[in-house]
There are 2 protein chains.
Amino acid sequence: MITINDIAEMAGVSRTTVSRVINSTGYVSEKARKRVMDVIEETGYVPSQHAKSLRTKETKIIGVILPKISTDTSSRTVNGMNSVFEGIGYQILLTTTDLERQKEIEHLRLLQNRQVDGIILIATNVDQALMDEIKTSKVPVVVVGQEMSGVPSVIFDDHAAARRMTELLIEKGRRSIGYIGVDEADRSVGVQRKAGYLEAMAQHGIEVEDAWLETGDFSIESGYEAASRMLEASSRKVDAVFAATDRMGLGAWRYIRRHGYDIPGDIAIVGIGASETSRFIEPALTTIEYEYEQAGSVAARTMMQLLQGEKGVSEKKVLDFKLVERDSI
Amino acid sequence: MITINDIAEMAGVSRTTVSRVINSTGYVSEKARKRVMDVIEETGYVPSQHAKSLRTKETKIIGVILPKISTDTSSRTVNGMNSVFEGIGYQILLTTTDLERQKEIEHLRLLQNRQVDGIILIATNVDQALMDEIKTSKVPVVVVGQEMSGVPSVIFDDHAAARRMTELLIEKGRRSIGYIGVDEADRSVGVQRKAGYLEAMAQHGIEVEDAWLETGDFSIESGYEAASRMLEASSRKVDAVFAATDRMGLGAWRYIRRHGYDIPGDIAIVGIGASETSRFIEPALTTIEYEYEQAGSVAARTMMQLLQGEKGVSEKKVLDFKLVERDSI
DNA sequence: CACAAATGTGGAATCGATTCCCTAATTCAG
DNA sequence: CTGAATTAGGGAATCGATTCCACATTTGTG
C-alpha cells in the first residue's frame, strides 16, 4: 500500500508538505504543490482514513439505526438523509433492529465504538433506558419519529394528523369509527395518533366502544386480524376503520373486501403513511402523507449543525402532513 | 477519551497485556486477566477501531452500492445481507447511485478509500469501465444482479424466467404479447429478460411486431407511457403486456385500466419482481418471484468466503425463481 | 538599507492500538 | 537436581496520517 511517505519521497519533499497539499492548509509553494499533485495523480494515492481519523477524531460517517429496512418509511427517510450527506462527503453506516427494542441500545453502543461522527436513530419508543443511553452518548444523536425531551428530534404532528383524519370521517357522516393502533411504547404512533382519534371523537360527542379499539404490530397481517376481531365483536357495527399505519390499513382493507363489505359503501377505511400500494388498490386508500424524505434531510441537516458545534439547534422540528383523500371514504 | 494505556495503568500491567486480554491471544495469568477485565468493566472502555484498523488493516465494514434505496428490490437485498453480517460483527456502509451509472465507479473508489473490507455492488450494467474498476479493486467485490465474468456474482435466471412467463401467456391463448423492457446496458433486465421473451415467441412461431417492443426506465410512469405508446400504435392489437419489472407493469396496468380495457378479459398483464403492490391491486398482477433476501444473504456469504481467503469460490451463483400466477392473466 | 512580516519547509511528537522479541518465573521429565 | 519447555508479561517498533514548533528564505515598508 502506498502511503504519504512514499509520496513525499517521490516528490522530494517532506510528508508535512504532502499533508499540506492534500488538505490545502499552511504555506506551500506553487512548485512544490504541483510536484506533489503530479505524484499523487500518477500513483493514484489516497490517504488512509484510519490514520487520519486516529488523529483528527473525525470519520465523516453517520450511523443510522432503522427499525426495519424493507419499508417505505425507512427507505424514504434514508433517501432524504442521503441526499444531504452525499453532497458533503459523509457516508451512512446502516444498522437495523428488526423491531427488537433492546437492539436500539445495543446498536447505539456499537456505533459509538465504530466512532461514527453522529447517530441518527429512527426511534420506535422512548424507554427510559434508551433515553439514558442517548444522553450519555459521546457523539451527537438525532432522533426521528419520536419526541424526546432534551434530544434534537424530527417528528410529525401525529396528533393533529389523526384528529384531522377522524374529523374527515365524521364530516363524511361516519359515526362508528373503529381504530387499529399499535403498542403504546411507541409514543408517536401508539399514543399520539390514538389520542388524536379519541379527541376528535370526544369533540363530536361520539362514544367510543371498547370493541372499536384494536391493536396490531405494524404488519399487514395484524391489520387483517384486528379488522376481523373488530367486525365480529362490536355490537354497534363500525362504518369506518382508521388504521394507524397504511400497512395495517391494507390488511384491514383486505379483510373487509373479502368479507363482502363494500368500500366505502358499507365501511370506509383510512390509514396513515401514503404508501405506494395505497395508491394502487381500488378503491384507493385515503391516507395521510408524511414527507419522509424531508424528515430524513431535516435530520441530516440538524446533525450537521450539531457537528459544527452550532448551539441553539432547535430541539424539536415538527413536520407537516397532507391529507390525501381518495376513494375509500 | 479513555485508552488502552489508561486501562494498563489502572490495572497495573502493560498495555501489551491489556491487548492480550481483549483479543484473547498469548499468555495471560488468570489474576491479570481478571484485574484487566474488572477495570474495563468499570470504565466502560472500548478500543478505538481506528487505531486497531490502522495496524490490522481490517475494518469489519462492508460497503454496499445500491442503484436506489427506495425499492423493494434494494431493501430486501440489503435485508438479506444484513441477516448474515449482523451475526458476525460486520456492518454495512451504504451508498446509492440514484441510477447514475458513472457513480458506480465513483463509489467503488470512495469505498476503497474508506478501507472497507469488501464491496457488494448491486449492479445495473456491465460497462467495461466498471469491470476494469472492479478487477483492479484492492478489496474483494461481489456483484449482485449482473453476470460479470471473472467476478463472483449472484444472479437470477432472468432468461429462463422471462421465457417461462411468456410461455405461460401463450398457454393461456395469448398471441399478441407486447413487451416493456429497459435499456440494454443492463444485461440482466435489459437483455436477458427480453431474450427470454423473444425466444419463447419464436419457438411458438409468433412474429413480434416492432410496435410491441417498448422501453421504460424502471419507473411506474415510464410503464404507463410505454403502454400508451404500445396500445395506440400497434396494428395487431396486443392481447397481453409483459413488463420487465413490476413497477413498470404497475404503470401499464394503470394505463390499461384507465382506458377502459378489461384485465384480463381484453388484455393480460404480467411483470417480474413480486412487489408488495402487485399482490394488492385487483386484478392482482401475475409476476415472477425472486428471492432478493436470498440474493443478499448469498452475496454476503460469498463475501465472507472471499475474505477468509477461501479459494475456488464459485464465480457465479444462479438463484431460482417462482412463477406467481394471479388474476391479471 | 535594515528589520519586521510573510512565506515556505522539515523534524519530530502524537493519536491508540497490535505484535515481535526478549527476559523471568514456573513446571516438568529424566 | 538440572536443563529444557512452558507460561507470563513487558519494551519498543509500527501502522499512516496531522500538527506544533523551529528555522530559512523572501518580501515589504519606512
Side-chain angles (χ1 to χ4, degrees), chain A residues 1-40 43-61 89 110-117 138-139, chain B residues 1-40 43-61 89 110-117 138-139:
Chain A
M1 197 201 213
I2 168 156
T3 76
I4 197 173
N5 289 304
D6 304 329
I7 303 294
E9 198 179 325
M10 292 169 78
V13 297
S14 77
R15 65 161 163 279
T16 308
T17 303
V18 176
S19 176
R20 290 205 184 97
V21 171
I22 295 170
N23 301 293
S24 0
T25 57
Y27 294 113
V28 183
S29 66
E30 228 4 272
K31 259 195 294 209
R33 152 164 285 112
K34 173 96 176 54
R35 271 215 309 283
V36 172
M37 286 300 229
D38 284 352
V39 174
I40 288 179
T43 54
Y45 161 76
V46 271
S48 151
Q49 268 292 331
H50 298 307
K52 192 172 198 154
S53 301
L54 183 55
R55 286 260 355 189
T56 61
K57 310 290 177 208
E58 261 199 313
T59 57
K60 303 238 169 193
I61 294 182
L110 209 62
L111 287 174
Q112 290 182 55
N113 301 355
R114 289 286 191 189
Q115 4 256 169
V116 296
D117 287 350
K138 291 175 285 192
V139 299
Chain B
M1 195 201 215
I2 169 156
T3 74
I4 197 172
N5 289 303
D6 304 330
I7 303 296
E9 198 179 324
M10 293 170 79
V13 296
S14 77
R15 66 159 163 282
T16 307
T17 304
V18 177
S19 177
R20 289 205 184 101
V21 171
I22 296 170
N23 301 293
S24 358
T25 57
Y27 293 113
V28 182
S29 67
E30 232 0 277
K31 261 196 291 212
R33 150 166 285 113
K34 174 98 176 53
R35 271 214 310 284
V36 172
M37 286 301 230
D38 284 352
V39 175
I40 289 179
T43 54
Y45 160 76
V46 272
S48 151
Q49 269 291 332
H50 299 307
K52 193 172 195 154
S53 301
L54 183 54
R55 285 261 355 187
T56 61
K57 311 289 176 208
E58 260 195 44
T59 58
K60 301 233 171 199
I61 293 182
L110 209 63
L111 287 174
Q112 290 182 54
N113 303 354
R114 289 286 191 189
Q115 4 255 173
V116 297
D117 287 350
K138 290 175 286 194
V139 299

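These numbers come from a predicted model, not from an experiment. Numbered from 1 within each chain, the chains take letters A, B, ... in sequence-line order.
In this structure, the helix from C/dC1-D/dG30 to C/dG30-D/dC1 shows an angle of 30° between the axis at its start and the axis at its end, each fitted on 5 base pairs and rounded to 10°.
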Between the protein and nucleotides 3-5 of chain C, are there any N/O to N/O pairs under 3.5 Å, and if so, what are the atom names and distances?
none

Could you go over nucleotides 19-25 of chain D and give all protein N or O partners under 3.5 Å, atom names and distances?
{"residue": "D/dT19", "atom": "O4", "partner": "A/Thr16", "partner atom": "OG1", "Å": "3.3"}

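Remark: A/Asp6 pairs with no residue by the salt bridge (charged side-chain N to carboxylate O under 4.0 Å, His left out) rule, at least two apart or across chains. When the side chain to side chain contact (heavy atoms under 4.5 Å, CB included) test is applied to B/Ile40, the partners found at least two apart in sequence or on another chain are B/Ile7, B/Ile22, B/Val36, B/Tyr45. Residues that satisfy the side chain to side chain contact (heavy atoms under 4.5 Å, CB included) test with A/Glu58, not counting sequence neighbours, are A/Thr56, A/Tyr90, A/Asp117. For A/Ser53, there are no side-chain hydrogen bond (donor to acceptor under 3.5 Å, both in side chains) partners, not counting sequence neighbours.
Counting non-hydrogen atoms under 4.0 angstrom, B/Val13 reaches the backbone sugars and phosphates but no base.
Not one side-chain nitrogen or oxygen of A/Ser14 sits closer than 4.0 Å to the OP1 or OP2 atom of C/dT9. Taking only side-chain nitrogens and oxygens, B/Lys57 comes nearer than 4.0 Å to OP1 or OP2 of D/dG16.
Heavy-atom distances under 4.0 Å link DNA chain C to A/Leu54 of residues 45-54 of chain A, given in residue order.
Which of D/dA17, C/dG8, C/dG16 sits closest to the side chain of A/Ile4 comes down to D/dA17.
The salt bridge (Lys or Arg N to Asp or Glu O under 4.0 Å) contacts involving residues 13-37 of chain A comprise A/Lys34-A/Asp38, where partners must be two or more places apart or lie in separate chains.
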